[in-house]
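If you read the sequence from its start, that first residue is 1, and numbering goes on from there.
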Amino acid sequence: MGLKQNLHNIREKYKGTKMAPAFNALHTFLYTPNDTAHGGTHIKAADDLKRTMNTVIMALVPCLIFGMFNAGYQHYLAVGEIEAVTSGFFSSEFWTLQNFSLGFWKILPILLISYGVGLGIEFLFAVIKGHEVEEGYLVTGMLVPLIVPIDIPLWMLVVAVAFGVVIGKEVFGGTGMNILNPALTIRAFLFFAYPTWMSGDKVWVEGATERAKEIIAGSNADAISGETILGGLAQSHPIDYSVADMFFGFIPGSIGETSTLLILLGGLFLIFTKIGSWRIMLSSVIGALVMGYIFNLVVAAGWITETSNFYGLMNTEFWHHLLIGGMAFGIVYMATDPVTASQTNKGKWIYGFLIGFISIMIRVFNPAYPEGVMLAILLMNVFAPTIDHYVVQGNVKRRLKRGKLKTA
């Protein structure tokens, strides 16, 4: 008797009980559901929620694998065991088993905790409330490890994931009912609850935090600098990385947010599969470029001097903002969340533009937290229904007016 038949027998045994949703979820995760339509007109299509989630995960896997290599590379580069890459994306100094091994064993526990805690809570709510387990957390579980620092304490992640799933999702009714992106809710909780572990110049490179503790304790060990580009610019420090480094991702940062190239390819894949909205992506980029260009004009006009706290990020080339921090990752993978984003076409343009515009504004005017895309997306998640409401009302008024003109 095969695994599929055994699962089917278990489902039949527990059918109608509180544990039925848990066994149904396991069966449908591994195999095609047995349920068929019983009447009426139905649209035949190959896509469902599970396939949609799996497609997004496929777009995220390259960022995850690159993040594993980059985690090891940044560590060994910081301790002086390897030299900086010299031959671009295909550098032999970067794609080594040593780099991957360190990154893999650091990221694997983060990935397991993200899925283990998140799906555990999903199963618990399904059993208690008597509904089917929803597949929405499949993507959230992959997003969370990619937007946190490599050195984040695992117990903090457990608390944050539990908070994000319960408060950011389940209290609203589960997948499709939440107004805030769950992954960003988790990231926001981490930042406000444990700010020293989500900012600064030590948490972004593996081992930098422990080495800093040794320095404080009186050890003679050399300190590791893990400062990100955004953190340096917020303090008006010069950038030590080339545009190629920023584009390919050979820089410190959150695990999956550094490689703009892979994020761009993932975005094109999502657009091709009609899962990600190109309107939101494009309008977000335009909004970021417009705000960045305005700040460049302010500096060029001499209204801001080098002594200002805002000078470093204001003076940054406006298009560089797309290559640093989590800007590109947030635009492609989180601003386009079909549940929390605007649903109307015109609303998507407004929603995306404001995300890009506000992201750069927060970066410049909040030096303590120069990564503004998280807060910008969460803010626009709240206003997305309002944007759609006024877009729909505007369309209704135009049609009513058009009807009156025809009858006149």
Side-chain angles (χ1 to χ4, degrees), residues 25-26 29-30 53-79 81-82 93-123 133 135-165 182-187 189-191 194 197-198 202-211 213 224 226 228 249-259 262-263 266 326 329 333-334:
L26 182 60
F29 180 77
L30 297 173
M53 297 297 105
N54 288 337
T55 302
V56 179
I57 291 175
M58 289 170 59
L60 286 166
V61 167
C63 295
L64 175 66
I65 295 174
F66 181 88
M68 292 178 177
F69 279 99
N70 193 47
Y73 167 72
Q74 294 298 331
H75 170 80
Y76 291 116
L77 180 65
V79 299
E81 293 189 17
I82 60 175
E93 297 97 331
F94 185 84
W95 303 102
T96 64
L97 181 60
Q98 173 183 253
N99 290 343
F100 178 79
S101 178
L102 186 145
F104 176 81
W105 290 112
K106 285 292 296 186
I107 295 172
L108 181 62
I110 299 176
L111 190 64
L112 292 177
I113 285 177
S114 175
Y115 273 114
V117 175
L119 289 178
I121 294 174
E122 291 267 8
F123 273 71
V133 176
E135 294 92 344
Y137 193 79
L138 291 178
V139 170
T140 302
M142 179 66 75
L143 283 173
V144 171
L146 299 180
I147 60 176
V148 298
I150 187 71
D151 255 356
I152 184 172
L154 298 181
W155 69 266
M156 290 184 187
L157 189 63
V158 171
V159 175
V161 170
F163 176 88
V165 175
L184 285 177
T185 304
I186 293 170
R187 173 73 182 265
F189 176 86
L190 282 169
F191 175 74
Y194 312 107
W197 286 95
M198 295 299 292
K202 299 299 179 188
V203 298
W204 309 105
V205 174
E206 195 281 327
T209 303
E210 292 302 318
R211 190 63 61 87
K213 291 179 180 178
I224 298 178
T228 63
F250 306 134
I251 55 177
S254 295
I255 294 169
E257 294 180 345
T258 61
S259 179
L262 294 179
I263 294 169
F329 191 90
Y333 294 110
M334 288 179 283

Return the orientation label for the F100 and F69 ring planes: parallel under 30°, perpendicular over 60°, tilted otherwise. tilted

Exercise: identify the closest heavy-atom pair between A78 and V205: CB-CG1, 4.1 Å

Do any N or O atoms from the side chain of N99 and from the backbone of E93 form a donor-acceptor pair under 3.5 angstrom? yes

Measure the shortest side-chain to side-chain distance between F329 and L60 over non-hydrogen atoms and say whether it is less than 4.5 angstrom. yes

Output the distance between atom CE (M142) and atom OG1 (T140), rounded to the nearest 0.5 Å. 11.5 Å

With a 4.5 Å limit on heavy-atom distance, are the side chains of L108 and M68 in contact? no

Would you check if Y333 and I263 make a side-chain contact, meaning some heavy-atom pair closer than 4.5 Å? yes

Taken to the nearest 0.5 Å, the spacing of I57 CD1 from L143 CG works out to 9.0 Å

Nearest atoms (heavy-atom pairs only) where A71 meets G103: CB-CA, 3.9 Å

In this structure, OH of Y76 is separated from OG1 of T96 (nearest 0.5 Å) by 8.0 Å

Any sub-3.5 Å donor-acceptor pair from N70's side-chain atoms to P252's backbone N or O? no

Shortest non-hydrogen contact from L190 to M156? CD2-O, 3.7 Å

If you take all heavy atoms of K106 and D151, which pair is closest and at what distance? NZ-OD1, 3.3 Å

Closest approach of P109 to L154 (non-hydrogen atoms, all atoms of both residues): CB-CD1, 3.9 Å

Could you grab the distance from atom CD1 of I255 to atom CD1 of I150, nearest 0.5 Å is fine? 4.0 Å

Would you say the ring centroid of F66 lies under 6.0 angstrom from that of F94? yes

Hey, is CH2 on W105 packed in by over 12 heavy atoms from elsewhere, all under 6.0 Å? no

Quick one: CE on M334 to CG on L184, what's the gap to the nearest 0.5 Å? 4.5 Å

If you take all heavy atoms of P145 and S114, which pair is closest and at what distance? CD-OG, 3.8 Å

Do L111 and Y115 make a side-chain contact, defined as non-hydrogen atoms from C-beta onward lying under 4.5 Å apart? yes

Using the side chain to side chain contact (heavy atoms under 4.5 Å, CB included) rule, pick out the option among V165, L112, V161 that qualifies with V117. V161

So do I152 and Y194 actually touch side chain to side chain, heavy atoms under 4.5 Å? no

Test item: V144 and L157 side chains (from C-beta on) under 4.5 Å apart, heavy atoms: yes

Could you tell me the separation between the CG atom of L146 and the CZ atom of R187, rounded to the nearest 0.5 Å? 11.0 Å

